[in-house]
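Single-structure report; data block below.
Everything numeric here is computed off the predicted structure, so don't read it as measured data. This chain uses plain numbering: 1 for the first residue, then up along the sequence.
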Amino acid sequence: MNCVIVDDEPYAQALIQEHVSAISDVFVRGVFFNPIKALEFVHNNDIQIIFLDINMPEISGMELAESIPEDTRIIFTTAYAEYAVKSYSVNALDYLMKPINFEQVEGAIQKARVYFNLKYQSDESDYIYVKSEYKQVKIYFNEILYVQNIKDYVRFYLSNGNKIMSLMSLKSLETTLPDHFIKVHRSFIVNKRKVGEISTNKLKIDQYEIPVSERHRKIVKSLVMS
């Protein structure tokens, strides 16, 4: 994976570069103090990850994020915790608080690996590999009943009764699963081909009842119409 680092603080910039350089499958292709020049570089090069400071003089990281290519994932870096919630509105992959240590960077890179593995696999095949209990497990899309978010993990419920836990975010999974998977609650994605019963605030897949949040009721209602 290729990355760039955008930060107007020399120490923070150097520290992130040092941490990233210690990870064998990630390559720093550019380091920028100027966010506008960074944006131009990202648009003209094959960049998967951008480490992006939020507080910068010319343009904020939040503003810059709105112009980042869709296929480039954002990892925000900042000393201010109040931006955490807003960062997810621009589809940030992670949010690292300064001073940033190696473990933070390594964790964010792992999220990127999961995201791009899922993306490329779902584009080309009818299955994904997910890491579970130190193994890569192959899961066919047509075997997935639904997926539940549990803190930093997701649990896949399969048609054969198996349940597989994997360290990844529901958000990254949502953007890579096929179109017949829909989010019905902040903690649940379902395979709409497996839905048996639908009511106002829940649906049923086999013996499982899955809650439907108020904001997702219109989506679930469309299941009946499709």
If Ile, Leu, Val, Met, Phe, Trp and Tyr residues are connected whenever their side-chain heavy atoms lie under 4.5 Å apart, and connections chain through other members, are Phe27 and Leu15 in the same group?
-> no

Okay, side chain of Thr72, backbone of Ile47: is any donor-acceptor separation there less than 3.5 Å?
-> yes

With a 4.5 Å heavy-atom cut-off, do Leu52 and Thr77 have their side chains touching?
-> no

NE2-CZ distance between His180 and Arg193, expressed to the nearest 0.5 angstrom | 4.0 Å

Side chains of Leu145 and Leu158 in contact at under 4.5 Å (non-hydrogen atoms) = no

So, the side chain of Asn34 versus the backbone of Ile36: is there a donor-acceptor pair under 3.5 Å, distance only?
-> yes

Gln207 atom CD, over 12 foreign heavy atoms within 6.0 Å | yes

Aromatic ring centroids of Phe141 and Tyr127 under 6.0 Å?
-> no

Closest non-hydrogen atoms of Val184 and His216, given as atom of the first, atom of the second and distance, are O-CB, 3.3 Å

Between Phe32 and Ile5, is any pair of side-chain heavy atoms under 4.5 Å apart?
-> no

Are Phe33 and Pro10 side-chain neighbours, meaning at least one heavy-atom pair lies under 4.5 Å?
-> yes

Is the backbone N or O of Gln17 less than 3.5 Å from a side-chain atom of Ser21, with the two atoms forming a donor-acceptor pair by type?
-> yes

Any sub-3.5 Å donor-acceptor pair from Asn44's side-chain atoms to Glu40's backbone N or O?
-> yes

For Ile54, does its backbone N or O pair with a side-chain atom of Ser60 as donor and acceptor, under 3.5 Å?
-> no

Pairwise distance CG(Asp206) to OG(Ser159) - rounded to 0.5 angstrom = 8.0 Å

Minimum-distance pair of heavy atoms, taken over all atoms of Asn162 and Asn160 = N-OD1, 2.9 Å

Reported CD-to-OG distance for the pair Glu133 and Ser166, which is rounded to 0.5 angstrom = 10.5 Å

For Phe156 and Val130, run side chain to side chain contact (heavy atoms under 4.5 Å, CB included): C-alpha distance rounded to whole Å, both residues' side-chain angles, the deciding distance at 0.1 Å, then the answer.
-> CA-CA 10 Å; Phe156 294 85; Val130 300; 4.0 Å; yes

Minimum heavy-atom separation for Ile109 to Met1, with atom names?
-> CG2-CE, 4.0 Å

Return the orientation label for the Phe76 and Tyr95 ring planes: parallel under 30°, perpendicular over 60°, tilted otherwise.
-> perpendicular

For the atom pair CD (Glu209) and OG (Ser199), what is the distance rounded to the nearest 0.5 Å?
-> 7.5 Å

Should the heavy atoms of other residues, nucleotides or ligands under 6.0 Å from CZ of Arg215 be counted, would the total exceed 12?
-> no

N/O donor-acceptor pair under 3.5 Å between Lys131 side chain and Met168 backbone = no

Student check: side-chain heavy atoms of Val147 and Leu173 closer than 4.5 Å | yes

Is a side-chain N or O of Asn191 found less than 3.5 angstrom from the main chain of Ile144, in a donor-acceptor match?
-> yes

If two hydrophobic side chains count as joined below 4.5 Å and joins carry through other members, does Phe181 share a cluster with Ile139?
-> yes

With Asp53, the side-chain contact (heavy atoms from CB on, under 4.5 Å) member among Leu64, Ile16, Asp7 = Asp7

Just do the salt bridge (charged side-chain N to carboxylate O under 4.0 Å, His left out) check on Asp25 and Arg113 with the steps written out, would you?
-> CA-CA 10 Å; Asp25 61 338; Arg113 290 191 191 102; 2.7 Å; yes

Chi angles and distances behind the side chain to side chain contact (heavy atoms under 4.5 Å, CB included) call for Ile189, Ile182 = CA-CA 5 Å; Ile189 292 175; Ile182 61 170; over 6 Å; no

Separation of Leu203 CG from Glu197 CD (nearest 0.5 Å) = 10.0 Å

Starting from the C-alpha separation in whole Å, work towards a yes-or-no answer on side chain to side chain contact (heavy atoms under 4.5 Å, CB included) for Val20 and Phe51.
-> CA-CA 10 Å; Val20 174; Phe51 287 88; 3.7 Å; yes

Without swapping roles, check the side chain of His185 against the backbone of Glu214 for a donor-acceptor pair under 3.5 Å.
-> no

May I ask whether Met165 and Val190 are part of the same hydrophobic cluster, defined by side-chain heavy atoms of I, L, V, M, F, W, Y residues being less than 4.5 angstrom apart, directly or through others?
-> no

For the pair Gln48 (side chain) and Cys3 (backbone), establish whether a donor and an acceptor sit closer than 3.5 Å, ignoring hydrogens and angles.
-> no

Does Ile75 offer a backbone N or O that forms a donor-acceptor pair with the side chain of Asp94 under 3.5 Å?
-> no

In Å and rounded to the nearest 0.5 Å, what is the OG1 to CG distance from Thr78 to Asn55?
-> 5.0 Å

Does the pair Lys98/Glu9 count as a salt bridge with the N-to-O cut at 4.0 Å?
-> yes

Considering only heavy atoms from C-beta outward, does the side chain of Val6 approach that of Met56 to under 4.5 Å?
-> yes

Going by heavy atoms in the side chains, are Lys204 and Ile210 under 4.5 Å from each other?
-> no

Cluster overlap Val137 with Leu170, hydrophobic side-chain contacts below 4.5 Å | yes

List the atom of Lys111, the atom of Leu93, and the distance in Å for their closest heavy-atom pair.
-> CD-O, 3.8 Å

Just wondering, are more than 12 heavy atoms of other shown residues or ligands nearer than 6.0 Å to OH in Tyr153?
-> no

Nearest non-hydrogen partners of Glu106 and Ile23, listed with the distance | CA-CD1, 4.1 Å

Distance only, no hydrogens: is a donor on one side chain within 3.5 Å (strictly under) of an acceptor on the other, for Lys138 and Tyr140?
-> yes

Using a 4.5 Å cut-off on heavy atoms from C-beta on, say whether the side chain of Val4 contacts that of Val31.
-> no

Mind listing the closest non-hydrogen atom pair of Val154 and Ser169 along with its distance?
-> CG1-C, 4.1 Å

